[in-house]
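Structure first, commentary second.
Counting convention: from 1, in listed order, for ligands and their atoms alike. Index from 1, following the sequence.
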Amino acid sequence: MTVVIKLGTSNITHRTGHLNIRHIEQMVKVISDLKNAGHQVVLVSSGAIAMGVGKLGLASRPADMPTKQAAAAVGQCELMYIYDKLFSEYNHVVAQILLTGSDIENDGRRKNFENTMDRLLAMGTLPIINENDTVATEEIAVGDNDSLGAIVACAIHADLLVLLSDIDGLYTADPHKDPTARLIPRVEAVTAEIEALAGERGSGLAVGGMTTKLKAARMTARQGIDMVIANGAKPELLYDIMEGRDVGTRFLGKKQEGWV
Ligand code: GLU
């Protein structure tokens with residue numbers, strides 16, 4: 001199976017911006033094991049800006065573009081250093097790919113990306129992708145790694161996209177406010193009712209960005225790719241997700257006319 005796994009900043013760093021060693025070590029172990037079992041894995045990893053904030057000793061996430069880009073430049077380096085170090089312990093070779101939205105929109109550059117991915121996977125490496133934050137200003141950025149994960153999953157014709165963050169999945173209501181809120185295990189189609197559950201960005205339910213996750217689900221569904229939203233705090237859940245067991249929320253991928 002070919003799977004794209006997106007790790008959110010909260011899965012990699014503490015709120016200080018420093019590395020969450022326990023989380024990342026467990027995650028690397030499970031992903032290495034999935035590769036050992038014969039799966040092709042591609043990581044889309046956030047965390048560059050946060051790690052830059054930690055390493056530079058900044059008080060908070062920068063608001064202005066040049067500082068954000070400087071933090072990403074420092075943090076991306078650190079991020080890949082950590083991945084290289086940890087995956088090497090399990091004999092896996094990592095490869096860094098940095099993309100922007102304009103790379104995907106341009107046919108020639110997208111083809112180059114797809115060719116490189118094909119070759120990296122054929123060589124058995126573990127591609128680790130992030131937005132090229134040091135050059136991606138708003139006009140040319142994908143903007144969020146949920147969408148980037150979906151773009152990558154479609155480009156390489158993956159079987160599955162897993163979006164890991166600090167939320168368990170999609171709920172029927174805001175679980176912070178409504179004790180009757182239930183986790184929705186399976187979504188057949190991203191309808192207007194499902195979209196309404198995402199709420200506003202920044203509201204309790206939207207923590208982790210449910211809006212961008214539903215956008216990603218629409219993209220993968222059109223290509224017949226399943227997508228799962230799950231909590232990255234428990235990396236061993238990836239085993240169950242790969243076997244199709246109910247974990248988090250699974251959006252079924254199927255090509256159909258008139259998909260929203
Ligand atoms: N590219 C950003 C970073 O690495 C994260 C964007 C996102 O998580 O959506 O810091």
In this structure, which one of V44, I104, V4 forms a side chain to side chain contact (heavy atoms under 4.5 Å, CB included) with I151?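 Per the side chain to side chain contact (heavy atoms under 4.5 Å, CB included) rule, the option paired with I151 is I104, out of V44, I104, V4.
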Exercise. Taking atom types as modelled, is there a side-chain donor on Q76 or D133 under 3.5 Å from an acceptor on the other?
Worked result: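 No, no side-chain donor-acceptor pair sits under 3.5 Å.
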- prompt: Looking only at atom types and distance, does a side-chain atom of D159 sit under 3.5 Å from a main-chain N or O of T2, one as donor and one as acceptor?
  reply: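 Yes; judged by distance alone, with no hydrogens or angles, the pair exists.
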*asked:* Taking L237's backbone N and O only, do any of them form a donor-acceptor pair with D240's side chain (distance below 3.5 Å, no angle check)?
replied: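 Flag not set: sc D240 to bb L237 has no pair under 3.5 Å.
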Check your understanding: Considering only protein heavy atoms, which is closest to atom 9 (O) of ligand 1, and at what distance to one decimal place?
Key ->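 Nearest protein contact, heavy atoms only, for atom 9 (O) of ligand 1 is N145 N, 2.8 Å.
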Counting only nitrogen or oxygen atoms and a 3.5 angstrom limit, does [X] reach ligand 1?
{"X": "R61", "answer": "no"}
{"X": "N130", "answer": "yes"}
{"X": "A50", "answer": "no"}
{"X": "D133", "answer": "yes"}
{"X": "G143", "answer": "no"}

Against ligand 1, does A72 come closer than 4.0 Å with any heavy atom?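 A72: no contact with ligand 1 (<4.0 Å).
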Atom indices of ligand 1 within 4.0 angstrom of [X] heavy atoms, with elements:
{"X": "S46", "answer": "4 (O), 5 (C), 7 (C), 8 (O)"}
{"X": "I49", "answer": "3 (C), 10 (O)"}
{"X": "D144", "answer": "9 (O)"}

**Prompt:** Could E89 and K29 be called an ion pair, given the rule that one side-chain N must be under 4.0 Å from one carboxylate O?
**Reply:**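 No, no charged N to carboxylate O under 4.0 Å.
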(Q) Evaluate D146 against K215 for salt bridge (charged side-chain N to carboxylate O under 4.0 Å, His left out), listing each step before the verdict. (A) CA-CA 8 Å; D146 295 327; K215 184 177 151 206; over 6 Å; no
Practice task
Report yes if the side chains of L197 and M210 come closer than 4.5 Å at any heavy-atom pair, otherwise no.
Solution key: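 Side chain of L197 against side chain of M210, heavy atoms only: no contact under 4.5 Å found.
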